[in-house]
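Below: one structure, written as structure tokens.
Letters A, B, ... are given to chains in the order of the sequence lines, protein chains preceding strands, and every chain is numbered from 1.
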Amino acid sequence: MEELENVGVDDLDGLEDRKCPECGCTRLVRDYDRAEVICASCGLVVDDHLIDPGPEWRAFDSEQREQRQRGGAPMTYTIHDKGLSTVIDWRDKDIYGTSLKPSRRSQMYRLRKWNRRARMSDSSDRNLSFALAEIDRIAAQLRLARNVKEAASMVYRRTVEKKLIRGRSIESVAASALYVACRQLSVPRTLEEIASVTKVDKKEIGRSYRFLARELGIKLAPTSPIDYVPRFASALKLPGKVQAMAIEILSQAIDEGLTSGRGPMGVAAAALYVSAVMNDEQRTQREVAEVARVTEVTVRNRYKEIIEHLGLALE
DNA sequence: AAGACGAAAGTGGTTGA
DNA sequence: TCAACAACTTTCGTCTT
């Protein structure tokens, strides 16, 4: 039991010198359950198709067998039946590869039909499978890690169970679920980013997000600007020390109350800008504003507040 | 010429009566 | 439901490098 705790995740062997291409940090983590290498800071899936080198445990009793056996696909919340159901193959061949007789073929056709119907019995199931595919698509385009997708799927399931989807489009709820999941796991994506890979616009996602948060009783701490730093820094190709200083600046700014009521992206952008200038890694306000998806003016206003309240001087 | 700065007016969303 | 309001954006002109 104890040794099993260390088997799946967090194996850092050979990963120490690899960097996350997105944020440049070295906090890469292997997840054998999902066969992925993910970045612990920004949630990017760095590598998939990982081969599980874990030991084939010998099992001495049924309890151990249950825990140690590795057979079948992992259970997942991202497939509407959790990936556990039986699917009848569509090929009209038997296990030897020879074609089926016509009578058999029509029998198989009927079996497949009922198999399909049994799997997607009611409308909420069909809704689910559609939505989960959508979550999968969006998450893939934003290169989000598997655990985010799982969390989003859970949120969506709860939404369906509480019958809250009526009137709202599946896509907007799926997008919101993903947004919630991102924030829960501290790998925030902006509404804009999610909206950019969706037909739904930002405002609509925001609306259903607030609705979900209220109805499902999800309490989310307001996004910390710090969570955005790694991603913005990497987009600007800023070295680690700039990132570190930006985070330092931000935690002071938070203590000073400079962040309350302010848009976290704007604050994060300003801190990065200040930090970049102080480290001789100057970026233009325009560049910083761009990656944070705010305007130069906002960056300016925030960074003015920062240098004046923290007593920092540029040059 | 490009970037930084600031003023002023406009926009979308929240809040409180 | 409406108005007040703060944060943020847009736009544009001026100053600095």
Side-chain angles (χ1 to χ4, degrees), chain A residues 159 164 167-169 171-180 182-184 188-229 231-239 242-243 245-246 249-315:
Chain A
T159 314
L164 299 173
R168 256 158 281 272
S169 78
E171 203 179 18
S172 71
V173 179
S176 317
L178 210 47
Y179 179 70
V180 170
C182 284
R183 288 188 51 176
Q184 279 177 333
R189 293 302 185 266
T190 64
L191 279 177
E192 228 149 324
E193 285 171 297
I194 294 182
S196 70
V197 294
T198 313
K199 283 185 223 102
V200 196
D201 68 346
K202 180 178 147 195
K203 171 174 105 179
E204 181 63 32
I205 298 175
R207 276 186 39 200
S208 27
Y209 151 69
R210 275 191 301 280
F211 181 75
L212 286 197
R214 181 156 38 88
E215 295 298 323
L216 295 179
I218 297 171
K219 21 186 184 331
L220 288 174
T223 319
S224 165
I226 293 176
D227 291 333
Y228 287 110
V229 169
R231 229 153 36 84
F232 292 169
S234 75
L236 293 165
K237 304 202 186 342
L238 286 167
V242 174
Q243 232 187 90
M245 183 182 276
I249 291 172
L250 280 176
S251 34
Q252 285 182 40
I254 292 169
D255 289 342
E256 294 277 326
L258 291 182
T259 55
S260 76
R262 307 281 135 84
M265 284 117 71
V267 182
L272 265 175
Y273 177 73
V274 174
S275 172
V277 172
M278 293 181 28
N279 283 288
D280 278 331
E281 288 281 347
Q282 180 100 29
R283 297 292 184 276
T284 65
Q285 294 180 349
R286 166 112 180 63
E287 289 172 310
V288 180
E290 178 115 355
V291 302
R293 315 226 182 172
V294 294
T295 58
E296 301 167 59
V297 183
T298 303
V299 174
R300 272 202 294 277
N301 291 337
R302 289 301 87 79
Y303 111 88
K304 246 194 308 178
E305 291 167 5
I306 287 176
I307 56 176
E308 128 186 347
H309 279 79
L310 300 185
L312 298 171
L314 302 185
E315 302 313 275

Considering every strand shown, what is the Watson-Crick or G-U wobble mate of C:dG13 when both distances are under 3.5 Å? B:dC5

May I ask you to test the A:Tyr228-A:Thr223 pair for a side-chain heavy-atom distance under 4.5 Å? yes

Which nucleotide span of DNA chain B, 5' end to 3' end, has atoms closer than 4.0 Å to non-hydrogen atoms of chain A? B:dG3 to B:dT14

Test A:Ile226 against every option in A:Thr259, A:Leu250, A:Val267 by the side-chain contact (heavy atoms from CB on, under 4.5 Å) rule and name the one that passes. A:Leu250

Just call it for A:Arg207: base, sugar-phosphate, or nothing, with non-hydrogen atoms closer than 4.0 Å on any strand. nothing

To the nearest Å, how far apart are A:Glu296 CD and C:dC12 C1'? 12 Å

For A:Ala271, does its backbone N or O pair with a side-chain atom of A:Ser275 as donor and acceptor, under 3.5 Å? no

As a quick check of understanding, evaluate side chain to side chain contact (heavy atoms under 4.5 Å, CB included) for A:Phe232 and A:Met265, giving each step before the final call. CA-CA 9 Å; A:Phe232 292 169; A:Met265 284 117 71; 4.1 Å; yes

Would you please test A:Val242 and A:Leu236 for side chain to side chain contact (heavy atoms under 4.5 Å, CB included) and show each step? CA-CA 11 Å; A:Val242 174; A:Leu236 293 165; over 6 Å; no

A:Glu287 near the nucleic acid: base, sugar-phosphate alone, or nothing, with a heavy-atom cut-off under 4.0 Å? nothing

Hey, which sits more toward the 5' end of DNA chain B by its nearest nucleotide, A:Val297 or A:Arg210? A:Val297

Atom pair distance, as rounded to whole Å: OH in A:Tyr303 and C1' in C:dA7: 20 Å

How long is the line joining CD of A:Gln282 and P of C:dT16, in whole Å? 17 Å

Between A:Lys203 and A:Gln285, name the one whose nearest nucleotide on DNA chain B is closer to the 5' end. A:Gln285

Student check: side-chain heavy atoms of A:Val180 and A:Leu216 closer than 4.5 Å: no

